[in-house]
Amino acid sequence: MNRKNFRKAVVLTVLVSALWPARMLGQQVHERLDSQFVNLALQNEFNGNVLVAQQGKILYSQSFGFADVVGKHLNDDATTFNLGSVSKTFTSVAVLQLMEKGKLKLDDHFISFFPEFPFAEITISQLLSHTSGLIDYQIFEGPHQKDPKQIYTLKDLIPAIKADNRALRWKPGERWNYSNTGYGLLALLVEKLSGEAFQDYLNKHVFLPAGMKNSYITSPLIPFPDTHRAVRYEYLPYSPSVLRPVDSVKDDYIDAVVLGAIVGPTAVVSSCRDLLSYDQALYSGKLLKAKTLDLAFTPALLNSGEKAQMGWGGSYGLGWMILPTRFGKLVWHSGGAAGIVTAFIRNVEKHQTIIVLDNVTHRGLHSDALDAFYLVNGASIAKKKRSAAVAYVIALYRNGADAAAANLLSMRTDTAAYFLDEREMNRLGYALAGDGLFAEALEVMKVNTLLFPASFNTYDSYGDLLKRAGKKQEAIWMYERAIALNPNNEGGKKALAELKASSH
């Protein structure tokens, strides 16, 4: 071999040696992520799309389950999902763009743009950081009772706030409190200062510049044709492979329809690929200046000077959750509503991106998305415990009371693999009753009293369902026990009095 060819061989060997660990690492990351999400899908705990990228390059991208059960359409790369509260990051971008254009300042008071607004102290920054003191959608409880069919929009926010004497729960800046109401007000502000409908503003100034060709806003009052949009589903808790559209579920109708037209807090529809384009547009400065993003990614401060802390240990900036980790700083947002569980996670130090979109209400998916971040960085994650209550109710529905009880006794001893929660048992019992499965529901409530005999609530709930089933004397006994455990149980006292009066 001559010197020239020998030199080429050495260079090639060095290049292959350098690339081999990276290729092996990428393969390992793919396998670890695939193992996690395949397992979740097999356990009926995930139905959607996941995408993981680093430096804009996709490391893992997979689809699971149905976008449309009736049409038998599977989720795929083109499927679009309602993002839920991940939409708040887009609202934040819109407000901060207007700030960069000199149309507002973050310490401006909201009342200076809307003189009819009742709380003069609240600033735009406080609305962005959930420190305004405003309550959430409880402002619509009264109006909804008067007219259950009304669908609320942005124009209804300020009148509802003015009419509710509970609307301001805390002094502005006193504490952090999640408020969808505040983000609806921000969407109103964007419309007033831009002269454009909120959905048009996002399309023109965010989606198009970011290259998000399949993203838009839709709501019960803003139809948008999209054959790729995933139907939002709720699963049967006692048969989790069975999916029902959320607008057919009584408890979900308010969330999906009555409040679903308030844009700003939610209502953005997008895909994993479009969100990756959004992620890259944020890095490249197409949407906001770097110093503006630094401001958004900095924890907001309360009046006390303390950070605006969220319940799980992270903090909140201007439309972004913030979580420092040993692998880098996460700026992210979760979304959760009927038929929506989403997570958009960005490690801004390593340029890592984790996107998880689910069109079924799998409530544990946010922690699974964070687990994916740790898997990407080579960390081990704790084995996820399964709910003994859920497994018990599934067994009850499928196999009957005796088999379910035996299964439950076995799970109670396996504390490494299962956890048992009184409130979850209670919720599952009511879910069975709501679907007319009263015998099974009563069995769940009875077992809950035996599992948690010191809890007044187990007896109170059992008494409630016994009352509905027409078993008055048994219901009286349960309410008497509940009141003995908690003499301040006014609801139980009222129910007991009514039962005794009707028994005479």
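What you are looking at is a predicted structure, and each value in this text was computed from that prediction instead of being measured. Throughout, residue positions are numbered sequentially from 1 according to the sequence presented.
For A256 against V246, the heavy-atom pair with the smallest separation is CB-CG2, 3.8 Å. Between S215 and D274, the shortest heavy-atom contact is OG-OD2, 2.7 Å. Minimum interatomic distance between I262 and P265 (heavy atoms only, all atoms of both residues): O-CD, 3.4 Å. Counting all heavy atoms, side chain and backbone alike, V69 lies closest to Y233 at N-OH, 2.7 Å. For G364 against K384, the heavy-atom pair with the smallest separation is O-NZ, 4.2 Å. The two residues S85 and S334 come nearest to each other via the heavy atoms CB-O, 3.3 Å.
Judged by distance alone, the side chain of N377 and the main-chain N or O of A379 form no donor-acceptor pair under 3.5 Å. No side-chain donor-acceptor contact under 3.5 Å links N399 to the backbone of A404. Between the S239 side chain and the V242 main chain, no donor and acceptor come within less than 3.5 Å of each other. Here the side chain of D147 pairs no donor or acceptor atom with the backbone of P143 at under 3.5 angstrom. N47 places a side-chain N or O within donor-acceptor distance of the main-chain N or O of F66, the cut-off being under 3.5 Å. Of the possible polar contacts, none joining the S129 side chain to the G317 backbone as a donor-acceptor pair under 3.5 Å is found. Here the side chain of D255 pairs a donor or acceptor atom with the backbone of A338 at under 3.5 angstrom. For S271 (side chain) and A78 (main-chain N/O), no donor-acceptor pair under 3.5 Å exists by modelled atom type. In terms of modelled atom types and a separation under 3.5 Å, the side chain of T153 and the main chain of A261 share no donor-acceptor contact. Distance alone, capped at 3.5 Å, is enough to place a donor-acceptor pair between the K493 side chain and the P487 backbone.
Under the 4.5 Å side-chain criterion, counting only non-hydrogen atoms from C-beta, N177 is in contact with W170. Side-chain contact check for S315 versus Q309: some heavy-atom pair is nearer than 4.5 Å. For the pair L275 and L83, the minimum side-chain heavy-atom distance is below 4.5 Å. Contact of the T458 side chain with the N426 side chain is not registered, since no non-hydrogen atoms from C-beta on lie closer than 4.5 Å. The closest side-chain heavy-atom distance from T79 to F81 is below 4.5 Å. I217 is not listed as a side-chain neighbour of F90, based on a closest heavy-atom distance of 4.5 Å or more. Looking at L302 and T131, their side chains come closer than 4.5 Å, going by heavy atoms from C-beta outward. You'll find the side chain of N457 stays beyond 4.5 Å of the side chain of N448, heavy atoms only.
In this structure, a donor-acceptor pair under 3.5 Å is present between the side chains of D34 and Y60. Side-chain contact of Y430 with D464: a donor-acceptor pair under 3.5 Å is present, judged by distance alone. Side-chain contact check for T80 and D226: at least one donor-acceptor pair (N or O, by modelled atom type) lies under 3.5 Å.
Residues forming a ring-ring contact (aromatic ring centres under 6.0 Å, His included) with H362 (at least two apart in sequence, or on another chain): Y235. Residues forming a side chain to side chain contact (heavy atoms under 4.5 Å, CB included) with T361 (at least two apart in sequence, or on another chain): E234, R363.
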Query - Pair D435-Y238, side-chain contact (heavy atoms from CB on, under 4.5 Å): steps then yes or no - result: CA-CA 10 Å; D435 285 343; Y238 48 87; 2.6 Å; yes
Query raised in the report: Could you go step by step and tell me if N486 and D460 meet the side-chain contact (heavy atoms from CB on, under 4.5 Å) rule?
Result: CA-CA 10 Å; N486 179 13; D460 189 274; over 6 Å; no
**Report entry** Pair I254-Y137, side-chain contact (heavy atoms from CB on, under 4.5 Å): steps then yes or no
**Finding:** CA-CA 11 Å; I254 294 175; Y137 285 151; over 6 Å; no
Requested in this report: Could you please spell out the steps behind the side chain to side chain donor-acceptor pair (under 3.5 Å) verdict for R412 and Y392?
Outcome: CA-CA 10 Å; R412 283 194 75 192; Y392 163 72; over 6 Å; no
Query raised in the report: Is there a side-chain contact (heavy atoms from CB on, under 4.5 Å) between H351 and K57 once you walk through the steps?
Result: CA-CA 10 Å; H351 286 211; K57 295 182 179 179; over 6 Å; no
Requested in this report: Apply salt bridge (Lys or Arg N to Asp or Glu O under 4.0 Å) to the pair K446 and E474, showing each step before the final yes or no.
Outcome: CA-CA 11 Å; K446 177 178 71 177; E474 293 89 340; over 6 Å; no
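Environment of CZ in F327: crowded, with over 12 heavy atoms of neighbouring residues, nucleotides or ligands closer than 6.0 Å. When the shell of 6.0 Å around CZ of R468 is examined, it contains more than 12 heavy atoms from other residues, nucleotides or ligands. Surrounding NZ of K385 are more than 12 heavy atoms belonging to other residues, nucleotides or ligands, all under 6.0 Å away.
To the nearest 0.5 Å, the span separating OG1 on T325 from OH on Y374 amounts to 5.0 Å. Between atom CD of residue E45 and atom CG of residue D368 there is a gap of 7.0 Å, rounded to the nearest 0.5 Å. The distance from the CG atom of L318 to the CD atom of Q126 is 11.5 Å, given to the nearest 0.5 Å. Summarising the geometry, atom CG belonging to D358 is positioned 12.0 Å from atom CZ belonging to R232; distances are rounded to the nearest 0.5 Å. Here the CG atom belonging to N180 is positioned 9.0 Å from the CG atom belonging to L259, to the nearest 0.5 angstrom. Atom OH of Y462 is separated from atom CD of E443 by 7.5 Å, given to the nearest 0.5 angstrom.
Tested against H333, the residues Y316, F344, W320, Y183 include a single ring-ring contact (aromatic ring centres under 6.0 Å, His included) partner, Y316. Evaluated for a side chain to side chain contact (heavy atoms under 4.5 Å, CB included) with R346, the options I355, V331, I354 yield exactly one hit, V331.
Each salt bridge (Lys or Arg N to Asp or Glu O under 4.0 Å) pair with one or both residues in residues 60-77, not counting sequence neighbours, appears once here: D77-R273.
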